[in-house]
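Chain A is the first sequence line, chain B the second, and so forth, proteins listed ahead of strands; every chain is numbered from 1.
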Amino acid sequence: MKIATFNINGIKARIAALSDWLAEARPDVALLQEIKSVDEGFPREHFEDMGYRVETHGQKGFNGVAILSRLPLEDVARGLPGDDSDEQARWIEATVIGDAGAVRVCGLYLPNGNPVPGPKFDYKLAWMARMEAHARALLATEMPVVLAGDYNVIPQDEDAARPEAWRDDALARPESRAAFRRILNLGFTEAIRARTQAPGLYSFWDYQAGAWERNNGIRIDHLLLSPQAADLMQDAGIEAAVRGRDKPSDHVPVWVDLAA
DNA sequence: ATGGCTCGTCAAACGAGA
């Protein structure tokens, strides 16, 4: 079961680029962030015609997450538990029925948190505390669980081409990194880092200042595997070349392949 | 880089992103 995360930066602007990548990479599950669309505005039929079931959790203008799946889905849930007053569409999860077993898959769009300090940074840290509590509950099910998405966290300095430029940014602040490690330390395995410790692996390059051409990137899109999911991992990768195509998102797909 | 581009908005600048 190949599971990918991809922050597409607007579904309407990315139909072609996303469709091309789906057709060539053929992930079983694609977790999308920043669809920037309400549910009724998502081009559902286009992706159904490509063989994908479509589940969305959208909102007007910003944020929004979705699951595309070639495999059956059960028990779809929308919204991160822990704060009924939170209106932002940043979490969707479902159970994917694979040929060799079921996997609970969560797609997340973690808040950016800039500027620091301020209410947006407070919201980011509160959101991460809620995610930690929910991740603990998911681990207790003892199912294979995958937490995949745009974390807006640069875990370590080697995950940025210019770490000094991010030192005071919400993506690299010690509080953000500590909150990320708290989730990881519940018992999750980060898919890419289970495969390689190499520096220079990025999943985002800014549209500005020739960031892609200069390879001035950061690694902020991650897949965290529960112990039961990590035991099934076959491979993982980052599709960096997608950033160099026509009308690209500023993020690229990151994926894991599980024996499930 | 105190923001050089891109997206969505309900139609022109502006907020948000990272």
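- Contact annotation: A:Lys247 does not reach the phosphate of B:dT6 (side-chain N/O to OP1 or OP2, under 4.0 Å).
- Under 3.5 Å, the side chains of A:Asn9 and A:Lys36 contain a donor-acceptor pair of N or O atoms.
- Rounded to whole Å, atom C1' of B:dT9 lies 14 Å from atom CD of A:Gln59.
- Salt-bridge formation is not detected for the pair A:Lys247/A:Asp20: no Lys NZ or Arg NE/NH1/NH2 atom is positioned less than 4.0 Å from an Asp or Glu carboxylate oxygen.
- With respect to A:Lys124 and A:Glu175, no salt bridge is recorded, no charged nitrogen being found less than 4.0 Å from a carboxylate O.
- Look at CG on A:Asp168: it is 15 Å from C1' on B:dA18, rounded to the nearest Å.
- Per the geometry, NZ belonging to A:Lys36 stands 15 Å off P belonging to B:dG15, to the nearest Å.
- The phosphate of B:dT6 (OP1 or OP2) has no side-chain N or O of A:Asn9 nearer than 4.0 angstrom.
- When the P atom is used for both B:dC10 and B:dA16, the distance is 14 Å, rounded to whole Å.
- Protein atom CG of A:Asn152 is 12 Å distant from nucleotide atom C1' of B:dA16, rounded to whole Å.
- Comparing the C1' positions of B:dC7 and B:dG3 gives a spacing of 16 Å, expressed to the nearest Å.
- Among the atoms of the strands shown, only primed sugar atoms or phosphate atoms (P, OP1, OP2) are found under 4.0 Å from some heavy atom of A:Arg162.
- If you find the closest nucleotide of DNA chain B to A:His251 and to A:Gly61, the one lying nearer the 5' end belongs to A:Gly61.
- When rounded to the nearest whole Å, the span between NE2 of A:His222 and P of B:dA18 equals 12 Å.
- Side-chain N/O atoms of A:Asp169 and base N/O atoms of B:dA18 include no donor-acceptor pair closer than 3.5 Å.
- The separation between A:Asp206 atom CG and B:dG17 atom P is 13 Å, rounded to whole Å.
- With B:dA18, B:dG17, B:dG8 as the choices, the nucleotide that has an atom nearest any side-chain atom of A:Asn114 turns out to be B:dA18.
- OP1 or OP2 of B:dA18 sits under 4.0 Å from a side-chain N or O of A:Asn7.
- Within 4.0 Å (heavy atoms only), A:Ala209 reaches at least one base atom of the nucleic acid.
- Of the candidates B:dC5, B:dA18, B:dG15, the closest approach to any side-chain atom of A:Phe62 belongs to B:dG15.
- Regarding A:Asn63, its CG atom lies at a distance of 7 Å from the P atom of B:dG17, rounded to whole Å.
- The side chain of A:Arg14 places no N or O atom within less than 4.0 Å of a non-bridging phosphate oxygen (OP1 or OP2) of B:dT6.
- Whole-Å rounding puts the A:Arg167 CZ to B:dA18 P distance at 21 Å.
- In the set B:dT9, B:dG17, B:dC7, B:dT9 carries the atom at the smallest distance from any side-chain atom of A:Lys60.
- No more than 12 heavy atoms of other residues, nucleotides or ligands lie within 6.0 Å of CD in A:Glu87, so this atom counts as exposed by the packing criterion.
- A salt bridge links A:Glu190 with A:Arg219: at least one charged nitrogen is closer than 4.0 Å to a carboxylate oxygen.
- Distances from the side chain of A:Tyr109 to the nucleotides B:dC7, B:dA16, B:dA18 place B:dA18 closest.
- Under a cut-off of 6.0 angstrom, the local environment of CZ in A:Arg26 is sparse, with at most 12 non-hydrogen atoms contributed by other residues, nucleotides or ligands.
- The gap from the P atom of B:dT2 to that of B:dA13 amounts to 26 Å, rounded to the nearest Å.
- With DNA chain B read from its 5' end, the first of the two nearest nucleotides for A:Gly10 and A:Pro111 is the one closest to A:Gly10.
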